[in-house]
S.K.: 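Can you read through this structure? Questions will come right after.
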Amino acid sequence: MAILGSREQMCIHDEVSKLRGRQQNNACHYLCKKRWCRHHNSVTEFIRNNSELGSEAFDIEDLVNIGRTKGPCPYYISRELSKSVDILFAPYNYLIDPGNRRSLNGIPWDNAVLIFDEAHNLESICADAASFDLLPNNLASCIVEAQECIQLCSAKRSIENSADKQFDPENYAILKALLMALEKKISELVIDSKELGYTKPGNYIYEFLSELNITSETSKKLIDTIDSASLLLEEGNSAETGPGMKAKTTVCRLETIRDMLDIIFRGGGQSHAKYYRFHVNDCQQTSGDALKVLGKVSRTLSWWCFNPGLAMEEFLKLGVRSIILTSGTLSPLDSLAMELNLEFPVRLENPHVIASDQIWVGVVPVGPSGHPLNSSYRTRETLKYKQELGIAIVNFARIVPDGLLVFFPSYSMMDKCINCWKDSNHENSTDEHTIWQRICKHKQPVIEPRQSSNFPNAIEVVRYFSSHRLNFTLFILSQNYMPFDLQDYAAKLRDSSTTGAIFFAVCRGKVSEGLDFADRAGRAVIVTGMPFATPTDPKVRLKRDYLDKQGKPSNKNSKTLTGEEWYVQQAARAVNQAIGRVIRHRHDYGAIIYCDERFVWQNYQSQMSYWLRPYIKCYKKYGEVVQGLTKFFRDKVSIDSSKPKVTDFNDSIVRLTDKHTHQDIISAPASTTANENKGTALPVNTTAIRSNYIKFAQITPANRSTLSMKHGYSSTSQLLSSGDQLSTDAQIVDLTADTATRGHLPGHTFKSLGLKKAKVMVGSKDAVCFDYRSPKLQHNVESRALAGCLGERSTASSKKSNIAQAPENSGAIREKSEGQESNAGPAFLKLAREKLSTAEYRDFVEYMKALKLRTMHIKDSLDAIAKLFSSPERLPLLEGFRVFVPKNHLPLYEQLVQCYTMPNT
């Protein structure tokens, strides 16, 4: 195998590696031509002496390491390997762009199989590769470069006394005159409407250029002249460059004219022009626009291709055997096939690898006060809509644990909503805080910037970590490699002062594609509306018009794509990409929340990914949404704890032999020693549903396992060696309650239960691992210390009491003296483990330690604990914890209880 990449990724030359784009390419070409690059000079010998290279999988980082340690150029190593390998990995543009494809000489295209992964963007990439926009500043730069060529040729001829036609200044004078004439002709076009611009059918480009004497025949001469100009500029601007000297190069803008002519006169014919539209429009000028200062009209000439199938046709002409497209967001497949002009006789749409209980999908048509949620242009500017959406997000931020992603249709809409939330609260709310403050109370915010200049590097690092079987939740620990926004999100996600972080982003933005918010980094994603492209945008308008005209064939039986269908599908694919940021592996889980009533419509739901459709549920009332979402995350505290799993992280599944029944494992004989830690015995109904498998845990990335850091275990081997001790000398609090008791104890009653030592057979090849969804071993160690804290903090009257349910007409919890030692502490822990997420439970442990050791002010400790128990489904914890509060601080705690039980509006 081999892998292709750019010079930006692979160049190791001390000076050239600091350059970018064509400037870097030109510098590389010049140094290689002069044989001044030692890395390039050693490639041939290295390939000859290392014929086994490529027989095992490697990536770009491996090639770069080879270059740095052994000297040869990684870029040219990959180019040499590509000529003879069986499998070649490359970016799209290496195949789709005709120029890049021509540079891959030596590749046998006939009978090749092309696989486009993440092909949801293939349609737009193909269309963009066949189109061009000639910007006014680029055209002006081309004229300047042509003038430079004239001066360089004159100087070269006077010095060398050469009559070489390549250095004839007359050629470049003609080129300059043509470019100036083109600039003048563009400025003279009459544009009646700035909104519509100057639009003509695609074949008008030939009439337009013929008036400048640019035809299919003369274009070949122009292309040759531009190629010579590119070499001349390289040599002229790098004349002082030598071995070990800094390269002096410039970007050759003339190459944009060459690319433009290649597209217009491709194949020497004009038949492809019917798929294009000719368009000229005024540019938006800045105050410092050089052309504006010169008093010139600033306009862009565009020739847009609306048939992405042209690129696919090229592959068919090359004789490839198969073209395979793969992506999680290709749906609907019919329209994609029509856009690419290929039948795709073999089609497959798969369900997700997750189970049905690992995903919650809900359409939320109304907000908490019953006002419709609709982000269409008719309602999105109203204050009522923004406030209703804001309060809905407040409640979701309270319910969803850890990371929450919120996607808006546009940056403009995101900015307007956030500014509204910062200035006001809901008109029906009695809360004195703004909507933004209420969101921040539950989750710390991060906002995707409009200028995401740092994100490309971030995505590269994420993909690097992904290639090493790691995910974003591990990557975010490596803050030195991240842009500020992701560092900020990572830090806020780990901050225990709130329940997580909330990332506000935009569909089609940098966050919506390429980033992996697995596990805690993304427990839910909210889509606030359909990200429709601006309908008045000239390119969008012309594309819709093109498709509508194509949809009126003489053959009425032929199926075509209308402009409206394409318009909706583009928005739907952007939504599908955004929601794909969560639920990133087969043990992950999360929620997808559509906050727009239009998602109720069947034509919108039909555009959603195939795997998602079976789970969609449309709710009529907002209260039903809150109830369903709360139950989902409550049940996911310990996901699939009774099912055996084998993950990529080498889960250890311990099968119980026949001689170890459920009761054998849960409790040993009553004659255990007096100094053993006492625990809880499982109720009969819970024991009856226990699985025949006990999963200790899973090996997970470091950020999901805190036991090794908290308790001194530095390696997996140490964990293995300590497994027996943990399993026999630990208080076990089982979390696998049945459905009747999951999430709450019957009647809010804490029962006094006893537990004996657990006996588990561990084979020699099994691994003791840690999984954040069922961290029992970690919990065992923590619960022993925490039970002690609870015991010490309980009031004197409750030290020998059980907690029983108060009369049914009151939801309160009262004490009941029994004259025996209470096990209320372990029972309370059991309920806490069921109600809290893993991260929240760890925070609870820390707060209790601070309460015991007085490392925090007691008011702050109690406030943090009360806040942790403040959601409606955790009221049993909020009420039940008062029996552990010292009597002199009970009034303070009662105030906190009243504060946090106030209903949210």
Side-chain angles (χ1 to χ4, degrees), residues 2-47 50 53 58-83 89-91 93-94 97 99-106 138 141-142 144-145 148-149 152 226-256 258-259 453-454 456-461 463-464 481:
I3 182 168
L4 297 177
S6 66
R7 287 180 174 86
E8 288 186 17
Q9 296 170 304
M10 294 188 176
C11 181
I12 58 174
H13 189 278
D14 292 340
E15 297 300 335
V16 179
S17 62
K18 299 175 184 177
L19 306 176
R20 289 294 178 266
R22 283 180 173 158
Q23 186 180 15
Q24 187 179 51
N25 294 342
N26 292 341
C28 177
H29 288 151
Y30 184 79
L31 293 179
C32 292
K33 180 180 178 181
K34 296 291 187 179
R35 295 193 61 80
W36 287 344
C37 179
R38 63 181 180 87
H39 304 293
H40 176 262
N41 295 341
S42 61
V43 168
T44 303
E45 183 179 357
F46 179 82
I47 293 290
N50 295 273
L53 187 61
F58 64 89
D59 55 25
I60 289 177
E61 288 75 18
D62 295 326
L63 275 183
V64 173
N65 288 335
I66 289 174
R68 294 194 185 283
T69 56
K70 299 184 179 180
C73 174
Y75 178 80
Y76 283 104
I77 288 177
S78 67
R79 291 286 168 151
E80 288 298 316
L81 288 176
S82 68
K83 300 174 182 179
F89 297 91
N93 61 314
Y94 280 58
D97 183 83
N100 285 332
R101 191 168 62 242
R102 282 194 299 268
S103 69
L104 300 178
N105 51 10
N138 282 354
S141 297
C142 290
V144 171
E145 288 181 354
E148 289 179 11
C149 288
L152 287 170
I226 291 172
D227 288 340
S228 298
S230 180
L231 293 173
L232 185 62
L233 288 171
E234 287 175 25
E235 294 184 10
N237 291 309
S238 306
E240 299 178 4
T241 305
M245 297 182 66
K246 186 174 181 178
K248 295 181 180 180
T249 58
T250 184
V251 176
C252 184
R253 297 292 185 188
L254 281 169
E255 292 185 5
T256 61
R258 186 198 194 283
D259 294 340
S453 57
N454 287 327
N457 290 333
I459 293 174
E460 288 180 13
V461 177
R463 287 170 178 163
Y464 168 77
Y481 296 94

S.K.: First locate atom CG of Leu19, then atom CG of Asn25, and finally report the distance between them rounded to the nearest 0.5 Å.
M.R.: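 The CG atom of Leu19 sits 10.0 Å away from the CG atom of Asn25.
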S.K.: Residues two or more places apart in sequence or in another chain: which of them pass ring-ring contact (aromatic ring centres under 6.0 Å, His included) with Tyr75?
M.R.: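 Tyr75 satisfies ring-ring contact (aromatic ring centres under 6.0 Å, His included) with no residue once adjacent residues are dropped.
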S.K.: Of all the heavy-atom pairs spanning Ala229 and Cys149, show the shortest one and how long it is.
M.R.: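 What the structure gives for the nearest pair is CB-SG, 3.6 Å.
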S.K.: Which heavy atom in Leu254 sits nearest to a heavy atom in Ile226, and how many Å separate them?
M.R.: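 Smallest interatomic distance, heavy atoms only, reads O-CG2, 3.4 Å.
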S.K.: Measuring only between side-chain heavy atoms, which start at C-beta, is Phe58 closer than 4.5 Å to Ile66?
M.R.: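 A side-chain contact under 4.5 Å is absent here.
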S.K.: Would you mind reporting whether Asn65 and Lys70 have side-chain heavy atoms less than 4.5 Å apart?
M.R.: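 No, side chains not in contact.
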S.K.: Just verifying a value: how many Å separate Ile47 CD1 and Leu53 CG, rounded to the nearest 0.5 Å?
M.R.: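 So the gap between those two atoms works out to 6.0 Å.
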S.K.: Could you tell me whether the side chain of Asn41 and the main chain of Trp36 form a donor-acceptor pair under 3.5 Å?
M.R.: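 No; zero donor-acceptor contacts below 3.5 Å.
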S.K.: Excluding sequence neighbours, so at least two apart, what forms side chain to side chain donor-acceptor pair (under 3.5 Å) with Asp227?
M.R.: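 With neighbours one apart ignored, the set is Arg258.
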S.K.: Working to the nearest 0.5 Å, report the span between SG of Cys73 and CG of Leu31.
M.R.: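 Rounded to the nearest 0.5 Å, the SG-CG separation comes out at 11.0 Å.
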S.K.: Can you list the residues that meet the side chain to side chain donor-acceptor pair (under 3.5 Å) rule with Lys33, with sequence neighbours excluded?
M.R.: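 Per chain and number, Lys33 pairs via side chain to side chain donor-acceptor pair (under 3.5 Å) with Glu235.
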S.K.: What's the shortest heavy-atom distance between Glu8 and Gln24, and which atoms?
M.R.: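 Smallest heavy-atom distance, with atoms named: N-OE1, 3.1 Å.
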S.K.: Using a 4.5 Å cut-off on heavy atoms from C-beta on, say whether the side chain of Ser230 contacts that of Glu255.
M.R.: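 Yes - at least one pair of side-chain heavy atoms lies under 4.5 Å apart.
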S.K.: Could you pull out the closest heavy-atom pair between Gly71 and Ile12, with the gap in Å?
M.R.: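 The pair with the smallest heavy-atom distance is O-CD1, 4.2 Å.
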S.K.: Start with the C-alpha gap between Val43 and Glu80, add the side-chain angles, then the distance that decides, and say whether side-chain contact (heavy atoms from CB on, under 4.5 Å) holds.
M.R.: CA-CA 9 Å; Val43 168; Glu80 288 298 316; 4.1 Å; yes
S.K.: Could you tell me whether the side chain of Asn100 reaches within less than 4.5 Å of the side chain of Leu104, counting heavy atoms only?
M.R.: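 The answer is no, as the side chains (C-beta and beyond) never meet within the 4.5 Å cut-off.
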S.K.: Quick check on side-chain contact (heavy atoms from CB on, under 4.5 Å): which of Met10, Glu61, His39 does Pro74 satisfy it with?
M.R.: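 Option passing the side-chain contact (heavy atoms from CB on, under 4.5 Å) with Pro74: Met10.
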S.K.: Can you find a pair of side-chain heavy atoms, one from Leu63 and one from Ser78, that are under 4.5 Å apart?
M.R.: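 Yes, side chains in contact.
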S.K.: Nearest 0.5 angstrom please: Lys18 NZ to His13 NE2, how far?
M.R.: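 Between atom NZ of Lys18 and atom NE2 of His13 there are 10.5 Å.
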S.K.: Can you give me the closest heavy-atom contact between Gly5 and Gln9, atom names plus distance?
M.R.: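 Closest approach of Gly5 to Gln9, heavy atoms only: CA-OE1, 3.4 Å.
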S.K.: Are side-chain heavy atoms of Ile3 and Asp62 found at a separation under 4.5 Å?
M.R.: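 No, side chains not in contact.
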S.K.: Nearest heavy-atom pair of Ser141 and Arg253: which atoms, and what distance?
M.R.: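 Answer, listing the atom of Ser141 first, then Arg253: CB-CG, 3.5 Å.
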S.K.: Run the side-chain contact (heavy atoms from CB on, under 4.5 Å) check on Phe89 and Leu4 step by step: do they pass?
M.R.: CA-CA 6 Å; Phe89 297 91; Leu4 297 177; over 6 Å; no
S.K.: Can you tell me how far OG of Ser42 sits from OH of Tyr76, rounded to the nearest 0.5 angstrom?
M.R.: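 So the OH of Tyr76 and the OG of Ser42 are separated by 12.5 Å.
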S.K.: Rounded to the nearest 0.5 Å, how far does CZ of Arg101 lie from OH of Tyr94?
M.R.: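 Output value for this atom pair is 14.5 Å.
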S.K.: Dump the intermediate steps for side-chain contact (heavy atoms from CB on, under 4.5 Å) on Leu233 and Glu148, then the final yes or no.
M.R.: CA-CA 8 Å; Leu233 288 171; Glu148 289 179 11; 3.5 Å; yes
